[in-house]
Amino acid sequence: MSLVLGIETSCDETGAGLVRDGVLLGEGLASSADEHARFGGVVPEVAARAHVSAIAPMVRAAVDAAGVSLSDVDAVAVTAGPGLSPALHVGVAAAKAYATALDVPLYGVHHLAGHAAVDVLEHGPLPPRCVALIVSGGHTSLLALGDLARDPVEHLGDTVDDAAGEAFDKVARLLGLPYPGGPSVSRAAVDGDPAAIAFPRPMTGPRDAVFGFSFSGLKTAVARHVEAAQDAGRVVPVADVAASFQMAVVDVLVRKALRACAERGADTLLMVGGVAANRVLRAEMERACAAAGITLRVPAPRLCTDNGAMIAALGDLLVRAGNTPEGLATTAVPTVALTGASVPVPAADGEAALYPLPTSVSATPISAS
């Protein structure tokens, strides 16, 4: 069986993993989150510089953990998109260098498909059909999945503005909690009452998209609650706000995911992405799935956040399926849509064929303020 090296650099984690026949043999992971904390969010150029420093050591760490030699690698897979452009380019350049030096095929893969593939490492092959909920800092999507390596991915619904993880980061800043916001809000919520504040459940009205998401308004509701308390001279009840906000997000995610399974006749729900590491979300989704007779598959928390193992897992599926590699034509495509496991190589005249520009563009001057 082929040994696949996976490389992930879409945001602020530098990941490398080695997978053979659905088994994770070794991995290395470095995070630059501490370098971004003072900015309250990820700075693309800072992330890219961190990737440059960490990519070779993380590949070496994965090789050492697997007890193999780099020359044993039979294929390389790399996140080609979506993600931060400067960060993606570092990973793609490194992957091309490894593939060229080792004279092995190179696969440019989709970051979100990698999140779905990582569960294979823990729970074995996915069923022929299932519903997937991807919840992360940049994405909140409900998908209908078949064979990840061969079948197209069907979007049931996506967020129209803030993703769930992004909302956690913004609420953390409103409450004076440190970055990254997900773990900070979750820790603060432990001592709070999730029913203390009746925050709205966005996109759950009769006229809303059944499987669509929107968390910007929920973040605004939190901001108004905090401002009202401050204007009245009251102490902001951080724990209660955190717990109530968290439960509002969880309630929406659980409700829509279960409805998608029911309408699609799916008996398996796959939940992946960084927010899937949230303990309350995992517990509430498990309870709801058990009551509905649905099998819930969630990777271990360490595999939910961005990592190289998930890209290696997806590359392993592509190799075993006999898919054609993108090779050295692979390029970073920061805004590519999820239609399948691989990221299409742009046309010869650039990205215009994949991402056509509007026929007319009106420019608005940027205010100096």
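The basis for the numbers below is simple: all heavy atoms, side chains too, and nothing from hydrogens, waters or symmetry mates.
Atom CG of residue Leu177 and atom OG of residue Ser186 lie 11.0 Å apart, to the nearest 0.5 angstrom. Summarising the geometry, atom CE belonging to Met1 is positioned 4.0 Å from atom CG belonging to Asp21; distances are rounded to the nearest 0.5 Å. Remark: Cys261 SG to Asp267 CG distance equals 8.5 Å, nearest 0.5 Å. With rounding to the nearest 0.5 angstrom, the CG atom of Leu24 is 7.0 Å from the CG atom of Leu303. Rounded to the nearest 0.5 Å, atoms NZ (Lys256) and OG1 (Thr140) are 11.5 Å apart. His110 NE2 to His115 NE2: the interatomic distance, rounded to the nearest 0.5 Å, is 10.5 Å.
Val109 and Leu84 are not part of a single hydrophobic cluster, where members link through side-chain heavy atoms under 4.5 Å apart. Linking ILVMFWY residues whenever their side-chain heavy atoms come closer than 4.5 Å, directly or via other members, places Val59 and Leu106 in the same cluster. By the rule that hydrophobic residues join a cluster once side-chain heavy atoms approach within less than 4.5 Å of another member, Leu133 and Phe211 end up as members of one cluster. Ile134 and Leu148 fall within the same hydrophobic cluster, defined by Ile, Leu, Val, Met, Phe, Trp and Tyr side-chain heavy atoms under 4.5 Å apart, directly or through other members. Under a hydrophobic-cluster definition in which Ile, Leu, Val, Met, Phe, Trp and Tyr are linked whenever side-chain heavy atoms come within less than 4.5 Å, directly or via other members, Leu269 and Val250 are assigned to the same cluster.
At least one donor-acceptor pair under 3.5 Å links the side chain of Glu8 to the backbone N or O of Ser10. Between the Asp119 side chain and the Ala116 main chain, no donor and acceptor come within less than 3.5 Å of each other. No donor-acceptor pair under 3.5 Å is formed between the side chain of Asp169 and the backbone N or O of Gly137. Checked by atom type and distance alone, the side chain of Glu326 never pairs as donor or acceptor with a backbone atom of Val345 at under 3.5 Å. Under a 3.5 Å cut-off, the side chain of Ser2 and the backbone N or O of Val4 do not form any donor-acceptor pair. Put simply, the side chain of His36 gets close to the backbone of Val43: a donor and an acceptor are under 3.5 Å apart. Of the possible donor and acceptor atoms, one in the side chain of Tyr107 sits under 3.5 Å from a partner among the backbone N and O of Asn323. Side chain of His51 to backbone of Cys11: a donor-acceptor contact under 3.5 angstrom is found. Checking side-chain atoms of Asn278 against main-chain N and O of Val275 turns up no donor-acceptor pair under 3.5 Å. With Arg264 contributing its side chain and Cys130 its backbone, the two residues share no donor-acceptor pair below 3.5 Å.
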Going through the distances and angles, do Leu126 and Arg297 end up as a side chain to side chain contact (heavy atoms under 4.5 Å, CB included)?
-> CA-CA 9 Å; Leu126 291 170; Arg297 293 178 52 147; 3.7 Å; yes
Side chain to side chain contact (heavy atoms under 4.5 Å, CB included) between Leu25 and Leu3, worked out | CA-CA 9 Å; Leu25 302 180; Leu3 179 64; 3.7 Å; yes
Might you work through the side chain to side chain contact (heavy atoms under 4.5 Å, CB included) test for Leu143 and His155, ending with a clear yes or no?
-> CA-CA 5 Å; Leu143 312 170; His155 282 250; 3.7 Å; yes
Candidate pair Leu145 and Leu270, rule side chain to side chain contact (heavy atoms under 4.5 Å, CB included), full reasoning | CA-CA 9 Å; Leu145 300 181; Leu270 174 65; 4.2 Å; yes
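Taking both residues in full, the closest heavy atoms of Thr14 and Met58 are given as O-CG, 3.6 Å, listed atom of the first, atom of the second, then distance. The shortest non-hydrogen separation linking Ser141 to Asp158 is OG-OD1, 2.5 Å. Residue Ala163 comes nearest to Ser136 through the heavy atom pair CB-O, 3.7 Å, listed as atom of the first residue, atom of the second, then distance. Between Ala62 and Gly28 the shortest heavy-atom distance is CB-N, 3.9 Å. In this structure, Pro180 and Pro183 approach most closely via the heavy-atom pair O-CD, 3.5 Å. In terms of heavy-atom proximity, Ala313 sits nearest to Val19 at N-CG2, 3.8 Å.
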Side-chain donor-acceptor distances from residues 218-236 under 3.5 Å, at least two apart:
{"residue": "Thr220", "atom": "OG1", "partner": "Ser216", "partner atom": "O", "Å": "3.1"}

Per-pair distances, 0.1 Å, donor-acceptor, side chain in residues 188-200, under 3.5 Å, sequence neighbours excluded:
{"residue": "Asp193", "atom": "OD1", "partner": "Ala195", "partner atom": "N", "Å": "2.9"}

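With a 4.5 Å cut-off on side-chain heavy atoms, Val76 and Val104 count as touching. At a threshold of 4.5 Å between non-hydrogen side-chain atoms, the residues Val171 and Gln246 do not count as touching. Within the 4.5 Å cutoff, the side chain of Cys289 has no heavy atoms near those of the Met271 side chain. The shortest side-chain heavy-atom distance between Leu5 and Leu18 falls under the 4.5 Å cut-off. Between Glu284 and Leu253 there is no side-chain heavy-atom pair separated by less than 4.5 Å. The closest side-chain heavy-atom distance from His111 to Met310 is below 4.5 Å. With a 4.5 Å cut-off on side-chain heavy atoms, Val280 and Met247 count as touching. Between Val131 and Ile294, every side-chain heavy-atom pair lies at or beyond the 4.5 Å cut-off.
A 6.0 Å sphere centred on CD of Glu286 holds no more than 12 heavy atoms belonging to other residues, nucleotides or ligands. Annotation: Arg279, atom CZ; neighbour count of heavy atoms from other residues, nucleotides and ligands within 6.0 Å does not exceed 12.
For an aromatic pair to be called close, the ring centres must be under 6.0 Å apart, and Phe245 with Phe168 satisfies this.
In summary, the side chains of Asp161 and Ser214 do present a donor paired with an acceptor at a separation below 3.5 Å, with no hydrogens or angles considered. Inspection of the Glu27 and Asn307 side chains reveals no N or O donor paired with an N or O acceptor under 3.5 Å.
The aromatic rings of Phe215 and Phe213 sit parallel to each other, their planes meeting at less than 30°, with 60° as the upper class boundary.
Considering only residues two or more places apart in sequence or on other chains, Arg255 meets the salt bridge (charged side-chain N to carboxylate O under 4.0 Å, His left out) condition with Asp251.
Salt bridge status for Glu166 with Lys170: present, with a side-chain N to carboxylate O gap under 4.0 Å. Under the 4.0 Å criterion applied to side-chain N and carboxylate O atoms, Arg320 and Asp316 are assigned as salt-bridge partners.
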